[in-house]
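Being a predicted model, the structure only gives us computed values, none of them experimental.
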Number of protein chains: 2
Amino acid sequence: MRPNDLSEIHTLTLFKKMDENNFAAIIQAAYLQNFPAQVQLANEGDDADFLFFVIEGCVELFAAANGREATMAMVGPSESFILAAVLKDAPYLMSARTTEKSRVLMIPAQNIRDAFEKDEAFARTIILELAECYRTVIKDYKNLKLRTAVERLANRLLEFHCEQEETGVIELPYDKKRLAALLGMTPENLSRAFLTLKPYGVIVRGSKITLNDMKGLITLAKPNQLIDRHTK
Amino acid sequence: MRPNDLSEIHTLTLFKKMDENNFAAIIQAAYLQNFPAQVQLANEGDDADFLFFVIEGCVELFAAANGREATMAMVGPSESFILAAVLKDAPYLMSARTTEKSRVLMIPAQNIRDAFEKDEAFARTIILELAECYRTVIKDYKNLKLRTAVERLANRLLEFHCEQEETGVIELPYDKKRLAALLGMTPENLSRAFLTLKPYGVIVRGSKITLNDMKGLITLAKPNQLIDRHTK
DNA sequence: CGACGATTTGAATAGGATCAATGGGAGTGG
DNA sequence: CCACTCCCATTGATCCTATTCAAATCGTCG
């Protein structure tokens, strides 16, 4: 592992306040790997062998049952995934795959559990991280239960806008197929939802989306602090 | 607070391994109250003032937006709710109301946060509790995304059956309106879903449900360890 | 008994899903 | 550089599920 990588990893929320020795032990056991797109990193139902962090790139969390598949979340740089399974030493509830070329940190689950036994500060940090993850899922769940497909799309566009430069132009961070799955609809339906948003100043050209009527779009979307990540 | 109540509370997962002094401090600050049905205990958006435990009865967690309302979960005896908001000192993401006469333990949020700072064993217990809550929501989310309404109902019936005596007869623990909301459908649709299950041996009489064809029902429901609470 | 809310049933509608077919880029190989 | 191919995305048509609105029925509690 290069020193550069190491210092970057040390700035991850989960490790910031960690005791140096424990951090060193974890790093020693960890793998930092580059993966191409479409590599499956974890498989629903398997025992939790690793805790993962996306360092660069993007990972899709998904689940399958009854011949259907659903995208549960997209994980971006500096975010971890499947922390709960690792802590509980339980099977993964979701599978994970890269959606693009990605650099991923993998820490053996046992090392995480050891550290959490030994290192009090680490345990407290984990709590806050877990609590945040929990609240995020609750928000996603509310989003799905309380909004129509078009509303979900509108709010997602507003989130992308906030995450990016707020220039009025968005670049979709992954393809529309995945966006559709994430929003809980089919690709066909996503296309139609974009059409529905046209009167609200939403212009689609490939993966570039232009928002010409923020006010109108916001009126339609009714973003909500208790559902959406972005504050406004 | 009566000694009986006290010992019962001490057996709650969260407090079992807690240091006696810290436990005493928390109990001293706590309120154990009886509420009639339909009392709202927490309000979405308010700051988290209390951590709640249902001791007896039942509490509905719900959320509202855009003129719609969604039931998120039902909380039964010995279970806590809104732990994450309390730990993060953040606004509640859900509201809570009793659905029947209930006995509820309320612990001021600050006392929980203090204990979590001081008591290492408590902090570790909280992690496992939080991780479990997290996994539960993920399961609920998968349930909603991967199953049709009828499948959700069938699996819920199987869960009730496991929670109760497995005698082939279920007593619904709350009214059908709420069951429908929990399953993400309208009451009308729930009625129709019950009709759909008739060929699978599901007989409805008021709040009593008879399951005459477990095998058939299970074939339809396809219960799944990675979604449902009951194991089989 | 009467009133009210809960539940069921019926009919019409809307929102999404599915199936089928077409258009459009991005990458490959000549 | 261009043609080809493949996959993604769009569009159209149809189907199906679930919601909505309306009305009847059932049950429970005063």
Atom CD of B:Glu188 and atom C1' of D:dA24 are separated, to the nearest Å, by 13 Å

Atom CZ of A:Arg205 and atom C1' of C:dG23 are separated, to the nearest Å, by 17 Å

### Query
B:Lys176 side chain N/O closer than 4.0 Å to the phosphate oxygens (OP1, OP2) of C:dT7?
no

Axis-to-axis angle for the helix from C:dC1-D:dG30 to C:dG30-D:dC1, ends of five pairs each, to 10°, equals 40°

- Task: Ignoring hydrogens and angles, state whether a donor on the side chain of A:Thr99 or A:Glu60 is under 3.5 Å from an acceptor on the partner side chain.
- Result: no

In terms of ring plane angle, is the pair B:Tyr31 and B:Phe50 parallel, tilted or perpendicular, where the classes change at 30° and 60°? perpendicular

Mutual orientation of the aromatic rings belonging to A:Tyr92 and A:Phe52 [parallel < 30°, tilted 30-60°, perpendicular > 60°] | tilted

Taken to the nearest whole Å, CG/A:Leu153 to P/C:dG16 is 11 Å

- [ ] Could you tell me whether a side-chain N or O of A:Arg103 sits under 3.5 Å from a main-chain N or O of A:Gln33, the two making a donor and an acceptor?
- [x] no

Separation of D:dT17 atom P from B:Leu144 atom CG, nearest Å, is 17 Å

What does B:Leu190 touch in the nucleic acid at a heavy-atom separation under 4.0 angstrom: a base, only the sugar-phosphate, or nothing?
nothing

* Are A:Glu132 and A:Thr136 close enough that some pair of their side-chain heavy atoms sits under 4.5 Å apart? -> yes

A:Ile209 CD1 to D:dA9 P, in whole Å, measures 11 Å

Which of D:dA18, C:dA20, C:dG16 is nearest the side chain of B:Thr148? It is D:dA18

Separation of C:dT8 atom P from B:Leu179 atom CG, nearest Å, is 11 Å

Between CG of B:Asn189 and C1' of D:dC16 the distance, given in whole Å, is 12 Å

Is it true that A:Asn43 and A:Gln40 share a donor-acceptor pair across their side chains at a distance under 3.5 Å? yes

Whole-Å distance, B:Arg178 CZ to C:dA6 P, equals 8 Å

Testing C:dG10, D:dC8, D:dA18 for proximity to the side chain of B:Arg192, the answer is C:dG10

_A:Thr186 side-chain N/O to C:dA17 phosphate OP1/OP2 under 4.0 Å_ = yes

From the candidates D:dA13, D:dA18, C:dA6, the one with an atom nearest any side-chain atom of B:Lys177 is C:dA6

Does one side chain, of B:Glu56 or B:Ser102, offer a donor that lies under 3.5 Å from an acceptor on the other?
-> no

